[in-house]
Structure formats: C-alpha cells, structure tokens
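This report concerns only the one structure given below.
Just so it is clear, the model here is predicted, and its values are computed rather than measured. Every chain is numbered from 1, with letters handed out A, B, ... down the list of sequences.
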Amino acid sequence: MVDLDLVRKSPELFEAACKAKNIKLDIRAFLKIDMERREKMAETQTMQAKRNAVSKKMPTIKDKTEKESIVKEMKLLGEKLKEHEAALGVLDAQWMAMQLRLPGLPLPNVPKGKDDSENVEIRTHGKIPTFDFDLKDHVALGESLDIIDIPRGVKIAGARSYFLKGDGARLEYALLMFTLDHLKKKGFTAFIPPLLVNYDAMVGTSYFPGGEEMAYAVGVRKSQSQPIESDDVYLIGTSEVSVTSYHGGETLDLQALPKRYCGISNCFRREAGTYGKDTHGLYRIHQFQKVEQVILCENDPAVSAKMHKEILQNAEEVLQALKLPYRVVDVCTGDMGQGQIYKNDIETWMPSRKCYGETHSCSTFHDFQSRRLNIKYTAKDGTKKFVHTLNNTCIASPRILIPVLEMYQNKDGSVTVPEVLRPYMGGQEKIKKPS
RNA sequence: GGAGAGGUGGCCGAGUGGUCGAUGGCGACAGUCUUGAAAACUGUUAAUCCCGCAAGGGGUUCGUGGGUUCGAAUCCCACCCUCUCCGCCA
C-alpha cells in the first residue's frame, strides 16, 4: 500500500513505476474511481449525519403526530441511504482491488530494465576455480553418494520433488544451524513461524493479490468424488510472510527498533508458469528450507538503507565462511516485486550451470508492507509512523547445496564438508560413497 | 468431532433498543502540593476515513459479515476466534 495523497498529487510517478515494473494498472482510471468513491462517500455521510441527528432528538419528541411524520420521513431516508451504501460498497470493492495493485516507487538508483537479464553486477567476491578433473553436477554427486533421491521424490509428490537422505539431510541442517548461529551473534531473534497463514498475512506482505498462483492453498477433500473445500489458509513461500506479519496491527516503541528477526521454515512454491524452466536438479523445486532475515526499523530512508547493507552483509558473510564465490547484483525495475523499492540479489557460482545462480534476495520496502499490515511506532515527536520493513535470505537449501556439493567435490567422487559446518556434523570431514 | 461459556477502549470491567464512543477502576500523560520522590488532589487520555489552508465539522468502529428497526454494543442469522470438559491424536 502506498501513500494515496502522493498518488493523487503525483500520479505520473506511479504511472512510471507501473511501466518500469511491468504492472498493468491504469492510474488515471484508479484516480477516477477514487474521486467517485469520495463523492459518493460525502453524499452518504451527509445522509448518515441527518439520520443520526434525528435519532438523537427522537426520544425527546412527545407529540404523537409529529413522531409519526418523522418516522415516515426517516423510513424514506433509510431506503435512499441503503441504496447509497450499496453503491458505495461497489465502488469500495473496485477501489480496493486497484489500490492493492499500486506499486512501490523504485529508488532513483535502481537500474531500469525489463527482466533479470538487465540486472547490474555491482561486485564479485571469490575466485571462480578450475578443476583438474571432470566435474559432476550436484545431481550426479547426490546420486552416487546416495544423499539426494529425485526419482523417488517425483514418484510420491510429482515433478520438482526430491528426498535428501543421509548426509544430504544432515548437511542441510548443518547449513541452517550454522546460519542461525551466525545471526544469533548479529543480534537476531530466531522464529519458527506458522507455515500456514491466513489470507490477510498474504495480502499484508503483498504476495496477494497477484501471487495467488504461486501459493498452495490448503483445503479438505472429504471424499474422492467431492470437490476440495478451501480452508482459506496458505502455505508460505517464505517465512517473511509470517515473521513480518508478527507485529501486524501493533504500535511499537521507538526504543525497541530496529527489530532484527529471522525465520527458519520450510517454504512452498507452486512454481506456476515455470514449466520447462530449470527442470534439472534442485534449483527450482516446490519445497525448501530457508533462514530469512526480517527487519522492522524506523521510517527513515537513511536508516533502512543502513539495515539493507547490514542484512546483505550478513548473507555475504555466510557465503564467505563457506568459501563460495558469488556476486551481488542491483536488481532492475522489471525484476522487482510490486512493493519492493530496492533489491539486491546475491548469486552464487554454480559450476554445473557455468554461471552465477540466484541464492539470496535482499529487499527494501519502506512503508509499503507496514501500511498494509498496520505496523507503527511512536516517533520522537509523538506522532505515529509506519515502520520500514526489509528482508533477505540468509541461507536457502537445497539450492545452496548445488554450489556446496559441486565446489567441494573431489576427484574420487567424495565431497569435503566445508570447515565451518563440521561442528554441526559431529566433526565429519567428508561425505563418501556408501560402501 | 461432541457439550458448555465467552469476545466491549492500552488493560480490567459495567452496560440488554434511544441524548452510549460507551459508567467505573487500573495504567499513561500534564498540573497542584513537595528540597526531590511517593501519596493525595485536578485535568487530559481510542483508532480510522471524508470535507477543510487551518480552526473545525462530519462518518465509521463494542470479534467479523448480514438482517430486523425511524434508531442496534444491546434483538435475529451466519461465520471467525478464545476458554473449560469429553473423545481422538503427534
């Protein structure tokens, strides 16, 4: 949600943002509805005021004839009012539907571009290595080490499903635990959040409306022949949804900001519209685990910019500790979400893909989410302000297993366990073929 | 899943058709008193939307959505949530 005063005063800003973000929304049409709605509102409110005034006087009227005539008049007014309220309801619904699609305004330094091909690299870290033997990709490694089983995942759950097994499962948990400990040192509070959330949480974090096809809706099918009844709850695609919504509707203390939170959760994505894309291996799957950083801070672009750097760095430090080469890109307008106003992706080198692949996504929203979620704080001057929200991946697995397994593979087919993870795997140094 | 109880302002709690956005208490804030603090006393104390440069005016909100009525916190219906007991269960 955006500041509507700004839309009314400077619609051209939002038209430009729609264009830049490939959002099909007619700002002028919205403003027309907005105007009509306010006019209808004024009419309705005048009638309501009249009704209230008469109702207030009613008990003092003793004269029976006068009373009857007023009741008659009010009955008429009531009918007209009902019509007005119904018309206002229609306008409200249209207004809300459009209002929820208004884009956050990208910061001036965001590169213009149509899609991820126009993201701009801003730095790289680590050297892309060369190997003196034929590399296996993570699928081949996972199979030969018996730590990843994709065919059986597909057998029981369909395309884009998998099992992690044995040391593969342990390696994933080592990565997650290492990351949680890293964030603990940085002052973050960990959350195991609800994985199933209601519609409001999806709207509040701006996944809905628009992202319905990406989320699994949960329902019940009472028998095979009956249709599924929706429970109107949704599996989260990221713990950002639950954790950012945690303070929904609350007014926080300024002293308590910034809130440094991280959620650890399974994440579920339908990946609708990606048929045929990234079908190989563990890159794009329906279910994964993620430690996500979430920040709530004061409504000051300088402060949220600082927090953005902080959570970006936290993620980079994890990759550095794992000794994985990566690069950071400025995400261009066309590859940004509706509410995001600045976004960096971290892409980690994936030898089998012979390119960097997105492993982290760091987003600043300013007050876009907090307006929807109604999260405020009391500022120094006593006024209530909406917090700024941000989030960034800190680790997401199994996608991160692609570079970990591929980069740490040895000529004999084994995989060395990254040093920082060994304490989380009972000191184990290598993942070897089962004998 | 079965039976029952309940959802009122920051919190507790009264209100069962009309000058009720709502008595009272607690908390918070300001003031008086005090060397200072406490106590006592006095006053202030919701959110949100619309109109307005502002002063101000008005609408909405008593879990949510409908309905009855000239008028609903109060009556009716549906749904949601919380609590207690029973059943099932990790």
Side-chain angles (χ1 to χ4, degrees), chain A residues 1-9 30-100 102 192 194-204 217-223 226 229-234 242 245-256 266 367 370-387:
Chain A
M1 193 186 289
V2 301
D3 180 358
L4 289 176
D5 279 337
L6 189 60
V7 184
R8 288 165 191 150
K9 278 180 199 143
F30 169 72
L31 287 177
K32 190 163 165 265
I33 297 257
D34 182 55
M35 184 60 83
E36 282 171 18
R37 173 175 171 269
R38 280 189 289 169
E39 277 165 9
K40 186 62 80 180
M41 211 178 237
E43 286 170 28
T44 309
Q45 289 184 1
T46 307
M47 293 165 85
Q48 286 169 330
K50 168 131 200 235
R51 185 192 60 192
N52 289 346
V54 173
S55 284
K56 212 164 208 178
K57 246 198 295 182
M58 203 59 144
T60 66
I61 296 166
K62 297 285 177 274
D63 183 82
K64 214 176 163 191
T65 331
E66 193 186 350
K67 207 164 191 167
E68 272 172 19
S69 103
I70 291 179
V71 166
K72 213 169 167 186
E73 193 191 327
M74 284 301 104
K75 206 164 192 168
L76 226 65
L77 180 75
E79 278 163 24
K80 261 168 63 183
L81 187 54
K82 213 165 245 180
E83 282 169 30
H84 269 71
E85 283 169 344
L88 185 58
V90 172
L91 280 171
D92 259 340
Q94 292 175 351
W95 181 84
M96 184 56 85
M98 293 180 94
Q99 198 262 112
L100 285 174
L102 288 165
I192 295 178
L195 306 183
L196 281 168
V197 300
N198 59 27
Y199 193 81
D200 287 347
M202 296 300 283
V203 172
V218 174
V220 59
R221 186 156 68 176
K222 287 172 181 160
S223 80
Q226 279 182 313
E229 285 174 44
S230 172
D231 283 321
D232 203 24
V233 289
Y234 305 85
S242 315
S245 301
Y246 181 74
H247 286 297
E250 298 180 17
T251 302
L252 306 171
D253 287 333
L254 177 60
Q255 292 81 7
N266 282 100
D367 54 9
S370 62
R371 282 173 181 273
R372 290 184 173 207
L373 289 166
N374 193 20
I375 306 174
K376 296 177 185 171
Y377 68 98
T378 310
K380 273 205 188 92
D381 60 6
T383 60
K384 302 226 162 112
K385 290 187 168 166
F386 290 107
V387 298

Review point. Mind checking the P distance from B:rA5 to B:rC41? Whole angstroms is fine.
Key: 41 Å

Check your understanding: With A:D5, which residues qualify under salt bridge (Lys or Arg N to Asp or Glu O under 4.0 Å), at least two apart?
Key -> A:R8

Check your understanding: Does a side-chain N-to-carboxylate-O contact under 4.0 Å join A:R38 and A:D34?
Key -> yes

Practice item. Can you tell me, in whole Å, how much space there is between the P of B:rC50 and that of B:rG43? Key: 35 Å

**Study point:** Within-4.5 Å side-chain heavy-atom neighbours: A:L81 and A:T44
**Key:** yes

Point to revise | Residue A:K56 excluded, over 12 heavy atoms near NZ under 6.0 Å | key: no

**Study point:** Same-atom distance (P) from B:rU84 to B:rG71, integer angstrom
**Key:** 41 Å

Check your understanding: Expressed as a whole number of Å, how far does the C1' atom of B:rG4 sit from that of B:rC70?
Key -> 38 Å

**Study point:** Pairs where residues 69-93 of chain A contributes a residue and the test salt bridge (charged side-chain N to carboxylate O under 4.0 Å, His left out) is met, not counting sequence neighbours
**Key:** A:R37-A:D92, A:K50-A:E73

Review point. Do the non-hydrogen side-chain atoms of A:Q94 and A:M98 ever get within less than 4.5 Å of each other?
Key: no

**Study point:** With A:N266 via side-chain contact (heavy atoms from CB on, under 4.5 Å) - residues at least two apart
**Key:** A:L195, A:F268, A:Q287, A:Q289

**Study point:** First of A:M74 and A:K376 reached from the 5' end of RNA chain B, by closest nucleotide
**Key:** A:K376

Practice item. Only counting residues at least two apart or in another chain, list the ones meeting ring-ring contact (aromatic ring centres under 6.0 Å, His included) with A:H84. Key: none

Check your understanding: Side chains of A:V203 and A:R372: closer than 4.5 Å at any heavy-atom pair?
Key -> yes

Study note, to complete from the structure: Note: chain A reaches RNA chain B at heavy-atom distances under 4.0 Å over the stretch, first to last nt, 5' to 3', of B:rG18 to B:rG71

Exercise for review: Using a 4.0 Å heavy-atom cut-off across all strands, classify A:R371 as base, sugar-phosphate, or nothing.
Suggested key: nothing

Review point. B:rA14 and B:rG63: how far apart are their P atoms, nearest whole angstrom?
Key: 15 Å

**Study point:** With sequence neighbours excluded, residues passing side-chain contact (heavy atoms from CB on, under 4.5 Å) with A:S370
**Key:** A:D367, A:I375, A:F386, A:V387, A:T389

Exercise for review: Give A:T60 one of three labels, base, sugar-phosphate or nothing, depending on what nucleic acid heavy atoms sit under 4.0 Å from its own.
Suggested key: base

Review point. If the C1' atom of B:rU23 is compared with that of B:rU8, how far apart are they to the nearest Å?
Key: 13 Å

Check your understanding: Taking atom P in both B:rG9 and B:rA46, what distance in whole Å separates the two?
Key -> 14 Å

Practice item. Output all residues satisfying ring-ring contact (aromatic ring centres under 6.0 Å, His included) with A:Y246, sequence neighbours left out; order by chain, then residue number. Key: A:F191, A:Y261

Study note, to complete from the structure: Sorted by number, residues from residues 35-55 of chain A placing a heavy atom under 4.0 Å from RNA chain B are A:R38, A:M41, A:Q45, A:Q48, A:A49, A:R51, A:N52, A:S55

Revision key, fill the gap. Applying the Watson-Crick and G-U criteria (both distances under 3.5 angstrom) with [ ] for crossing and | for other-strand pairs, one obtains for RNA chain B ((((((((.[[[..)..(.....]]]((((((.......))))))((((((....)))))).[[[[[..)....]]]]])))))))....

Check your understanding: Mind checking whether A:L91 and A:M41 have side chains closer than 4.5 Å, heavy atoms only?
Key -> no

Exercise for review: Between A:V71 and A:L4, name the one whose nearest nucleotide on RNA chain B is closer to the 5' end.
Suggested key: A:L4

Exercise for review: Please identify each residue that fulfils salt bridge (Lys or Arg N to Asp or Glu O under 4.0 Å) with A:K57, with sequence neighbours left out.
Suggested key: none

Point to revise | Distance between P atoms of B:rU82 and B:rU64 (Å, rounded) | key: 16 Å

Exercise for review: Scan residues 84-93 of chain A against RNA chain B and write down, sorted by residue number, each residue with any heavy atom closer than 4.0 Å; if none is found, say none.
Suggested key: none

Practice item. Mind checking salt bridge (Lys or Arg N to Asp or Glu O under 4.0 Å) for A:E250 and listing every partner two or more places apart, or none if nothing turns up? Key: none

